[in-house]
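Scroll down for the structure; my scribbles are underneath it.
Keep in mind that this is a model prediction, so the values were computed, not measured.
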Amino acid sequence: MVDDVLMGIAASPWALPVLFALVLGDAFLVVVPGEAAVTAFGALAVTQGEPALFWVIAIATVAAVAGDAACYAVGRVIGLERWRWMRGPRARAAFAWARARLEHRAALVLFTARFIPFARLAVNLSAGATRLPAGRFLLIAGAAALAWASYQAVIGAVVAALLPGGPAVAVVVSVVLAVGIGLAVDAVLARRLRARG
């Protein structure tokens with residue numbers, strides 16, 4: 001039953017537009033499952049042969065760049081104090097951290113933040129607010145988005161290729177693995193930041 005649903009999703013003409021919407025939404029709302037969608041579609045590309053892995057990566061890359069550029073534009077036009085959530089202690093700390101890092105290591109920070117949901121939002125907004133040149137931002141954001149989309153989709157594809165059990169098993173295991181890796185990276189980075197700060 002679940003396999004049939006997943007096969008229908010993979011074959012649907014709406015598959016890639018839905019993927020685009022989820023990844024784009026993930027740029028603004030960390031609760032939108034953009035990463036999980038890319039990983040799941042990567043698994044479906046192997047188990048079902050559609051959508052093709054190339055298109056999963058391409059669509060996820062374009063959507064990620066569009067979302068990051070929109071956050072950059074919001075930061076540039078509106079700044080970092082317009083809405084109440086931006087003035088909270090956690091958001092202010094994230095913005096201060098992002099600003100300090102962007103001054104000295106913009107490429108490294110932008111690239112790394114693409115892989116960390118809340119950091120991504122803070123860094124992209126801060127990049128706009130601090131007037132990081134748009135051309136430089138887009139170049140780095142594009143490279144980071146391609147690396148991120150490839151990483152997420154390939155996790156799904158590799159798990160699906162190695163694990164028997166059909167699309168449902170491949171999707172669930174690959175998403176759990178991707179989330180687990182993401183949580184581990186978040187924990188290591190948070191520990192390093194606490195040690196430095």
S150 versus L146, closest heavy-atom pair with distance:
OG-O, 2.8 Å

Among the clusters formed by ILVMFWY side chains lying less than 4.5 Å apart, do L139 and Y72 turn up in the same one?
no

Connected-component partners of L162 among ILVMFWY, side-chain separation under 4.5 Å
V154, V158

From T130 OG1 over to R76 CZ, what is the distance, rounded to the nearest 0.5 angstrom?
9.0 Å

Least distance between heavy atoms, V23 atom then G34 atom:
CG2-O, 4.0 Å

Please name all residues satisfying side-chain contact (heavy atoms from CB on, under 4.5 Å) with L108, sequence neighbours left out, ordered by chain then number.
R105, T112

I'd like to check the side chain to side chain donor-acceptor pair (under 3.5 Å) partners of R120; sequence neighbours left out, ordered by chain and number.
D26, E35

Could you pull out all residues at least two apart from A69 that satisfy side-chain contact (heavy atoms from CB on, under 4.5 Å)?
L138

Under 4.5 Å between side-chain heavy atoms, counting indirect links through other Ile/Leu/Val/Met/Phe/Trp/Tyr residues: same cluster for L24 and I59 or not?
yes

Taking all non-hydrogen atoms of both residues, which atom of F115 and which atom of A147 are closest, and how far apart?
CZ-C, 3.9 Å

Suppose we screen for side-chain contact (heavy atoms from CB on, under 4.5 Å). Which residues come up paired with I140, at least two apart in sequence or across chains?
A107, L110, R136

Considering only residues two or more places apart or on different chains, which pairs with a residue in residues 143-165 satisfy salt bridge (Lys or Arg N to Asp or Glu O under 4.0 Å)?
none

All pairs passing ring pair (Phe, Tyr, Trp, His ring centres under 6.0 Å) where residues 45-66 contributes a residue, at least two apart
none

Do you know which two heavy atoms are closest between P51 and V56, and how far apart they sit?
CG-CG2, 3.9 Å

Could you state the interatomic distance from CD (E50) to CG (L16), rounded to the nearest 0.5 Å?
10.0 Å

Residue pairs fulfilling salt bridge (Lys or Arg N to Asp or Glu O under 4.0 Å) with at least one residue in residues 148-157, sequence neighbours excluded:
none

Hey, quick one: are V123 and F137 part of the same hydrophobic cluster, counting side-chain heavy atoms closer than 4.5 Å, chains of contacts allowed?
yes

When rounded to the nearest 0.5 Å, the distance separating CG of N124 from CG of D68 is 4.0 Å

Would you say L132 ends up clustered with V65 if hydrophobic residues are merged whenever their side chains have heavy atoms under 4.5 Å apart, either directly or through other cluster members?
no

d(Y151 OH, T39 OG1) to nearest 0.5 Å is 7.5 Å

Considering all heavy atoms, the nearest V38-W148 contact
CG2-CH2, 3.9 Å

Count I, L, V, M, F, W, Y as connected when their side-chain heavy atoms are under 4.5 Å apart, and connections chain through other members. Are I57 and L19 then in the same cluster?
no

Closest non-hydrogen atoms of A145 and A64, given as atom of the first, atom of the second and distance, are CB-CB, 3.7 Å

Among all residues two or more places apart in sequence or in another chain, which pass the side-chain contact (heavy atoms from CB on, under 4.5 Å) test with A157?
V46, L53

